[in-house]
Amino acid sequence: MSFSFQLIKKDLLTSARLGKMMTSHGVVETPAFMPVGTQGTVKSLRPEDIQSCGAQIILGNTYHLYLRPGHETIQKLGGLHAFMNWHGPILTDSGGFQVYSLGALRKILPDGVMFRSHIDGSRHFLSPQKAIEIQEALGSDIHMCLDECTPYPATLKQTEDSLALTVKWAKLCKEAKSSSTHALFGIVQGGTYLDLRRRAVEQIVPIGFDGYALGGVSVGEPRELMYAITQDITPLLPAEKPRYLMGVGMPADIVYGVSCGIDMFDCVIPTRCARHGLLFTNSEKIVIKNARWREDINPIDETCDCYTCRNYSRAYLRHLYVSGEILAMILNTIHNVRHYIRLMERIRAAINENRFLAFKNDFFDKWDKVTKNSTKEQFTGRA
RNA sequence: GGAGGGGUUCCCGAGCGGCCAAAGGGAGCAGACUGUAAAUCUGCCGGCGGAGCCUACGGAGGUUCGAACCCUCCCCCCUCCA
């Protein structure tokens with residue numbers, strides 16, 4: 001079965017949309033959030049946990065899985081799905097983010113990126129063709145073009161050059177694609193320069209991809225800039241293809257992205273923050289190590305239906321976290337992932353019931369309070 | 001009874017005349033995290049709004065311009081010998 005995307009509904013008051021992605025490993029309802037499983041695992045979760053959180057698709061990473069255990073090994077063992085025992089859809093990032101995050105360990109060349117492995121220092125050349133070869137060997141359902149995730153801040157010239165490279169590589173990725181069952185997404189770069197972003201759309205879209213991503217956001221730029229880019233550029237992407245806002249983000253960022261017409265999101269925030277003890281609820285951000293939870297018998301979130309909230313108190317979770325217990329990471333991650341997935345379910349229901357704008361406004365009101373609360377706590381904490 | 005070692009801020013532990021409110025851990029408190037080099041990182045951690053002052057290195061005296069550091073006595077702990 002090959003990849004396809006079906007647009008089910010368009011919101012009348014915003015650009016939000018409801019859709020379905022069909023892959024050979026199952027259907028993904030959009031707008032969707034994709035938990036990040038860089039190394040063939042969503043950190044601390046078993047596949048059945050991911051599933052019970054309601055996640056329909058997860059991420060894997062080309063660079064990391066190529067370095068260890070090696071894409072050929074994974075291919076030999078039956079592909080990434082079998083290897084990690086996750087039988088739902090997988091999207092693999094191309095290594096483009098590592099061009100950014102491993103900035104000190106790589107050199108960008110016209111034909112690809114020379115990496116010094118962060119594991120053992122060995123040299124590895126990742127070209128657009130190689131990135132596709134690796135992703136096809138992994139057998140993920142959606143492949144991403146190798147791009148340069150442009151850092152922030154970057155000058156106009158730097159961003160322009162970076163964009164040119166990303167466009168050039170996008171063409172090479174498309175040419176290198178040899179499988180018809182796997183989807184390939186193009187990535188729009190252009191930094192914080194809207195005219196470059198528009199140029200990126202003009203140059204990437206004609207190459208013809210199964211979906212389009214906005215990349216190079218959430219790299220330290222002000223939130224307003226990210227919002228401006230998302231609002232301006234998303235509508236320029238083909239309406240009949242899925243649109244993916246890469247690396248985003250906080251719950252409010254996701255709601256905002258949906259209102260701009262984004263269909264897919266991924267972010268390490270729910271999983272990483274869970275491991276670091278930050279838990280999301282609809283009304284507050286809970287730093288579980290805080291002394292105030294020492295004797296709190298309530299679940300993290302009364303309204304949450306996750307395994308953690310159904311069975312454990314804040315006091316116990318605080319104890320586990322403070323004690324450095326592995327279970328703290330597991331239970332916290334289950335909660336945060338479920339919280340994100342539930343957010344997506346609520347978003348889809350709101351769009352479906354023609355009340356997304358109200359949902360969004362209400363969400364931002366509450367989110368302001370969440371942010372204000374934590375700002376106030378920071379202030380009193382320091383005073 | 002004899003010989004030796006030691007008592008430092010919540011805990012462990014360095015310091016052994018001024019650069020010491022006292023290294024370094026731990027604990028405690030708070031914060032950050034956006035296509036994961038992250039079970040990570042950062043800040044605070046005697047008191048007083050601050051320059052500064054006050055209170056602190058077992059207790060009491062003393063030497064010195066100046067003592068956690070030197071001297072005397074006392075209290076307590078540990079090791080070895082009898």
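Each chain gets a letter, A, B and so on, in the order its sequence line appears, and its residues count up from 1.
With respect to the salt-bridge test (charged N to carboxylate O, under 4.0 angstrom), the residues R338(A) and D305(A) qualify. A salt bridge is defined here as a Lys NZ or Arg NE, NH1 or NH2 lying under 4.0 Å from an Asp or Glu carboxylate O, and R198(A) with D195(A) fails to meet this definition. A salt bridge between D161(A) and K157(A) is present, with a side-chain N of the basic residue lying under 4.0 Å from a carboxylate O of the acidic one. Using a 4.0 Å cut-off between charged nitrogen and carboxylate oxygen, D253(A) and R223(A) count as a salt-bridge pair. Note on E284(A) versus K366(A): no salt bridge recorded, every NZ/NE/NH1/NH2 to OD/OE distance being 4.0 Å or above.
Distances shown here put a side-chain N or O of R272(A) below 4.0 Å from the OP1 or OP2 atom of U34(B). Residue S101(A) places at least one side-chain N or O under 4.0 Å from the OP1 or OP2 atom of A37(B).
The ring pair (Phe, Tyr, Trp, His ring centres under 6.0 Å) analysis of residues 125-171 of chain A, with sequence neighbours excluded, yields the pairs H143(A)-H182(A). Applying the ring pair (Phe, Tyr, Trp, His ring centres under 6.0 Å) definition to pairs two or more places apart or across chains, those involving residues 278-300 of chain A are F280(A)-Y340(A).
For RNA chain B, none of the residues of residues 127-140 of chain A falls under the heavy-atom distance limit of 4.0 Å. Contacts of residues 229-247 of chain A with RNA chain B (heavy atom under 4.0 Å): M246(A), G247(A). Contacts between residues 38-68 of chain A and RNA chain B, defined by a heavy-atom separation below 4.0 Å, involve T38(A), K43(A), L59(A), N61(A), H64(A), listed by number. Near RNA chain B, meaning a heavy atom under 4.0 Å away, the residues from residues 102-114 of chain A are L102(A), L105(A). Heavy-atom distances under 4.0 Å link RNA chain B to D93(A), F97(A) of residues 79-97 of chain A, given in residue order.
Atom OH in Y100(A) sits about 12 Å away from atom P in U36(B), given to the nearest Å. Rounding to whole angstrom units, CG of residue N336(A) and P of C33(B) are separated by 14 Å. Regarding I334(A), its CD1 atom lies at a distance of 17 Å from the P atom of A39(B), rounded to whole Å. Rounded to whole angstrom, the span from the CG atom of N290(A) across to the P atom of G28(B) amounts to 12 Å. If you measure from atom CG of L278(A) to atom C1' of U34(B), you get 12 Å, rounded to the nearest angstrom. Straight-line distance from the NZ atom of K289(A) to the C1' atom of A27(B): 14 Å, rounded to whole Å. A straight line from CE of M250(A) to C1' of A32(B) spans 11 Å, rounded to a whole angstrom. As rounded to whole Å, 19 Å separates atom P of U34(B) from atom CD1 of I262(A).
Listed by chain and number, the residues in a salt bridge (charged side-chain N to carboxylate O under 4.0 Å, His left out) with R318(A) amount to none (sequence neighbours excluded). Considering only residues two or more places apart in sequence or on other chains, K174(A) meets the salt bridge (charged side-chain N to carboxylate O under 4.0 Å, His left out) condition with none of them. Contacts of R199(A) classified as salt bridge (charged side-chain N to carboxylate O under 4.0 Å, His left out), with partners at least two apart in sequence or in another chain: E160(A). Not counting sequence neighbours, the partners of R342(A) by the salt bridge (charged side-chain N to carboxylate O under 4.0 Å, His left out) test are D301(A).
A60(B) and U72(B) make up a base pair, with Watson-Crick or G-U wobble contacts both under 3.5 Å. When both pairing distances are held under 3.5 Å, C33(B) makes no Watson-Crick or G-U pair with any nucleotide shown. Checking G18(B) for Watson-Crick or G-U wobble geometry (two distances, each under 3.5 Å) identifies C65(B) as its partner. In this structure, C80(B) and G2(B) make a Watson-Crick or G-U wobble pair, each of the two defining distances being under 3.5 angstrom. Checking C53(B) for Watson-Crick or G-U wobble geometry (two distances, each under 3.5 Å) identifies G47(B) as its partner.
Proximity of the aromatic rings of H81(A) and H25(A) is defined here by a centroid distance below 6.0 angstrom, and this criterion is met. Between H71(A) and Y66(A), the distance from one ring center to the other falls under 6.0 angstrom. Residues H64(A) and H118(A) bring their aromatic ring centres within 6.0 Å. Checked against the 6.0 Å centroid criterion, the rings of Y321(A) and H276(A) do not qualify as a close aromatic pair.
At the heavy-atom level, R223(A) lies under 4.0 Å from base atoms of the strands shown. No contact: I119(A) has no heavy atom under 4.0 Å from any strand. Heavy atoms of G216(A) sit under 4.0 angstrom from at least one base atom. Nucleic acid contact for Q189(A): base, since at least one base atom lies under 4.0 Å from a heavy atom of the residue.
For M329(A), whose side chain is taken as the heavy atoms from C-beta onward, the closest listed nucleotide among U36(B), A39(B), A30(B) is A39(B). Each of U36(B), C29(B), U34(B) was ranked by its minimum atom distance to the side chain of R275(A); first place goes to U36(B). Set against C33(B), U36(B), A37(B), the side chain of H118(A) has A37(B) as its closest nucleotide. In the set A30(B), U34(B), U36(B), the nucleotide with an atom closest to the side chain of Q98(A) is U36(B). Taking every side-chain heavy atom of V36(A) into account, U36(B) is the closest of U34(B), U36(B), C29(B).
The same atom, C1', is picked in C16(B) and in C57(B); the two are 12 Å apart, to the nearest Å.
Its side chain within the 4.5 Å cluster rule, I142(A) clusters with F3(A), F5(A), L7(A), M21(A), V28(A), M34(A), V36(A), I57(A), L59(A), L91(A), M144(A), F185(A), I187(A), Y244(A), M246(A), M264(A), V268(A) among the Ile, Leu, Val, Met, Phe, Trp and Tyr residues.
Ring geometry, Y212(A) versus F209(A): the interplanar angle exceeds 60°, so the pair is classed perpendicular (tilted spans 30 to 60°).
Surrounding CD of E295(A) are at most 12 heavy atoms belonging to other residues, nucleotides or ligands under 6.0 Å away.
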